[in-house]
J.: 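Dropping a structure here in structure tokens format, bear with me for questions.
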Protein chains: 4
Amino acid sequence: MQIKKEEKKTRILSAATRLFSERDFQEVSVNDIARIAGVGKGTIYTYFKEKEEILEACVAEIFSDFVDKIRSSYEEAKSLSSFIERVAPRLLENVVVNSRILFMFNRKCHSDRKRYRKVSGEYRKAMAEVFQRYGKEMSCNFETMNAYFTAFLMTSYMVYESVDKEIIEEVLTRGLLCSLRGCGQDKV
Amino acid sequence: MQIKKEEKKTRILSAATRLFSERDFQEVSVNDIARIAGVGKGTIYTYFKEKEEILEACVAEIFSDFVDKIRSSYEEAKSLSSFIERVAPRLLENVVVNSRILFMFNRKCHSDRKRYRKVSGEYRKAMAEVFQRYGKEMSCNFETMNAYFTAFLMTSYMVYESVDKEIIEEVLTRGLLCSLRGCGQDKV
Amino acid sequence: MQIKKEEKKTRILSAATRLFSERDFQEVSVNDIARIAGVGKGTIYTYFKEKEEILEACVAEIFSDFVDKIRSSYEEAKSLSSFIERVAPRLLENVVVNSRILFMFNRKCHSDRKRYRKVSGEYRKAMAEVFQRYGKEMSCNFETMNAYFTAFLMTSYMVYESVDKEIIEEVLTRGLLCSLRGCGQDKV
Amino acid sequence: MQIKKEEKKTRILSAATRLFSERDFQEVSVNDIARIAGVGKGTIYTYFKEKEEILEACVAEIFSDFVDKIRSSYEEAKSLSSFIERVAPRLLENVVVNSRILFMFNRKCHSDRKRYRKVSGEYRKAMAEVFQRYGKEMSCNFETMNAYFTAFLMTSYMVYESVDKEIIEEVLTRGLLCSLRGCGQDKV
DNA sequence: AATGAATGAGTGTTCATTCAT
DNA sequence: TATGAATGAACACTCATTCAT
């Protein structure tokens, strides 16, 4: 029973993640999620109080995945550049599916930052560790570093349909390094 | 009368642009647009076949604005660096308001790229002219150049709230140049 | 247009009054009201903010009707007995349909007396005028007088199906007079 | 085990009675009843075929209580007036809690009188005994007598929040006597 | 051309009831 | 017998779109 119960929740989350990554929050109906998950509409409300909570759960899962990738990357890397080189392709891997949802969530929380912070808390912690470790190689503060990461990841998503994956990886890696270091300053 | 007609359409577009830049597509009702524009709800359907067409028109206007800024910039600039220095602050000017809408539109067109291309066609043409003129100074192809522009512009939008405007402008200008030229490659 | 507009609202109210007098608030769906009124479901929301507002409007209409009957009756009557003799059959006329709805509304407002007072305000005012005029002929205070009126009207409603109309009218008239005056006290 | 079984049913009924006397039928969910009763939601359907049956059982209990009070009252009373004087305060005692439920049930059965008769059968029998005993003191038939009792009890509930308990008792006692006897006839 | 009253398809959510355990 | 997870019909309400004026 316990197993089955968890299985239903998992199926709902998978269906939701898939649908939210394809369409906007409002364009995905609870009916759609139920149909794809293969459960009754009412069942969804056994596991989630409201539609928004489903999105939140999807986002939490994505952040948790990000955190794993960030931690494993900086454990292997001594310098900022080697960290970026490691973490970029790993994040990129799921970025297409995830960025869509993250961006969606980000928009929804624009006027309620607390809610965003709550869900992204662990991610922020991981990023704080990154800043503590490589901050001296950057010419920006913690918040700015976060903004750059977010922005470049989002961008990767935006161009991913028209640009080769290798190019995206290049843009992501160089763009990030360049922005964080303030590199190229002496070159212009 | 002809003038009045155009004036109504303009007022509708202004209202829509303002509202779409504040809220999500679905969160802006046709009623809202009519109210802000100061016209009747039915009037909107005299000028636009459906709600989505309003968004499309907003986006077209934004792209057209971008095109103007790009063209006027490269007409004044002999080198890539001088072009970037001119175009970056001009684009930045409206990027905050516009990116939101562009992003929204991009999302909506994710499964219908043709529609996106149709609206962004003139912008792509202008970018092609840029590539033709300065391409030899770049170490990337056309699509990659586009990706870098998109990336740095989106980044500017996304960090806008947490980073100083001057820093954003600097990062945008230097980051773009650096990435397009491929400078800093040896640094990674 | 003005006429037509009002006509729709009237039809909605009539339909609602009919349905609410047959079934409980929750058992009457907005769909039902729309169907009976012969209008679209959405139209109802052009005239009423929410379902409860429809009920409130029905009740207000009923009270307004009561007030008219009370006022016209005491304008014609010099003594309490002649007032009662006039007002009783008039109130009785609509009491069957109306009492049901009033009772329902009374129930809904049990924990929000302010709302009840708001809608029944004019009725209470009319009753106050009645008390001011005939109070000296009564052996009870204002609230008790109200209670008697309520009691005998409700009684009329409740016995309506099993008792002859003439008997009801008699009981209503004599019972009210008897109770208000305190006559028959010595008989108990 | 037999005891336990009965105990569960009792707990369900107590919970239901409490909840139905506080809120409307539709506003009390089976879940609520289960929670208050401290049993599983499914358990309720072991004892009752459907939600309405729970209400019916509550009503039956209330009627049974009424029957006890009526019987004990007329066993002590020789005349109608002394019966009324005895029974009125006894009935009033629980009328606040019970009337709500009775009225609810009465409404629900408006189009299915058989159902109402079924549940109120024993009460009707007791009232028949009352009529047999004091009928000659009344100027109405059996059905009318019943209607008056019902009506005045309901009314007591309706006014109980705005009127003193003593006044209610007075209105109930006098109103009943007055209506049953047709008293005051010669006084008007 | 301009309007806004009218519409009904569609939404998120609730809840009585079923049924496998 | 007792349970609560699962269900889908039903609900109040919204809103893009139409159309008579």
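The sequence lines fix the lettering, A, B, ..., with proteins before strands; numbering per chain opens at 1.
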J.: Considering only side-chain heavy atoms of A:Tyr47, which listed nucleotide, F:dA6, E:dT18, F:dA2, is closest?
T.: F:dA6

J.: Which of the following nucleotides, F:dT17, E:dT3, E:dC15, is nearest to the side chain of B:Thr46?
T.: E:dT3

J.: Using whole Å, what does the distance between atom P of nucleotide E:dA6 and atom CZ of C:Arg11 come to?
T.: 10 Å

J.: On DNA chain F, nearest-nucleotide positions of C:Val28 versus B:Asn31: which is more 5'?
T.: C:Val28

J.: When the distance from CD1 of C:Ile44 to C1' of E:dG8 is rounded to whole Å, what number comes out?
T.: 12 Å

J.: In whole angstroms, how far is the P atom of E:dC15 from the CZ atom of D:Arg35?
T.: 11 Å

J.: Flag yes if more than 12 heavy atoms outside C:Arg18 fall under 6.0 Å of its CZ atom; otherwise flag no.
T.: no

J.: Given atom OH of B:Tyr45 and atom C1' of F:dC15, what is their separation to the nearest angstrom?
T.: 9 Å

J.: Once you round it to whole Å, what is the distance between C1' of F:dT14 and NZ of B:Lys51?
T.: 11 Å

J.: Atom CD of A:Glu27 and atom C1' of F:dC15: how far apart are they, to the nearest Å?
T.: 15 Å

J.: Are B:Arg107 and A:Glu27 within salt-bridge range, i.e. N to O under 4.0 Å?
T.: no

J.: Whole angstrom is fine here: how far is it from NZ in A:Lys49 over to C1' in E:dT14?
T.: 14 Å

J.: Assign C:Glu50 to base, sugar-phosphate, or nothing according to its heavy-atom contacts below 4.0 angstrom with the strands shown.
T.: sugar-phosphate

J.: Classify the ring geometry between D:Tyr116 and D:Phe63 as parallel (under 30°), tilted (30 to 60°) or perpendicular (over 60°).
T.: perpendicular

J.: Indicate the ring-plane relationship of C:Tyr157 and C:Phe103, choosing parallel, tilted or perpendicular according to the 30° and 60° boundaries.
T.: perpendicular

J.: With the side chain of D:Val39 defined as its heavy atoms from C-beta on, choose the nearest nucleotide among E:dA5, F:dT3, E:dT7.
T.: F:dT3

J.: Which nucleotide, if any, forms a Watson-Crick or G-U wobble pair with E:dT21, using both distances under 3.5 Å?
T.: F:dA2

J.: For A:Gln26 and A:Thr43, find the nucleotide of DNA chain E closest to each by heavy atoms; which residue's nucleotide sits nearer the 5' end?
T.: A:Gln26

J.: What's B:Gly42 touching, base or sugar-phosphate or nothing? Going by heavy atoms closer than 4.0 Å.
T.: base

J.: Under 4.0 angstrom, heavy atoms only, what part of the nucleic acid is C:Ser29 near: base, sugar-phosphate, or nothing?
T.: sugar-phosphate

J.: OP1 or OP2 of F:dA2 sitting under 4.0 Å from any side-chain N/O of D:Lys9?
T.: no

J.: Quick check on DNA chain F: between C:Phe25 and A:Gly38, whose nearest nucleotide comes earlier from the 5' end?
T.: A:Gly38

J.: Take the protein atom CZ of B:Phe48 and the nucleotide atom P of E:dA1, then report the distance between them rounded to whole Å.
T.: 14 Å

J.: The side chain of A:Lys41 lies closest to which of these nucleotides: E:dA5, F:dA10, F:dC13?
T.: F:dA10

J.: State whether the number of non-hydrogen atoms from other residues, nucleotides or ligands found under 6.0 Å of B:Arg100 atom CZ is greater than 12.
T.: yes

J.: With a 4.0 Å cutoff (strictly under), does any side-chain N or O of B:Lys8 reach OP1 or OP2 of E:dT3?
T.: yes

J.: Evaluate the criterion side-chain contact (heavy atoms from CB on, under 4.5 Å) for residue pair D:Ser14 and D:Thr17; output intermediate values, then yes/no.
T.: CA-CA 5 Å; D:Ser14 297; D:Thr17 301; 5.8 Å; no

J.: Now, which nucleotide makes the Watson-Crick or G-U wobble pair with F:dA9, with each of the two distances under 3.5 Å?
T.: E:dT14

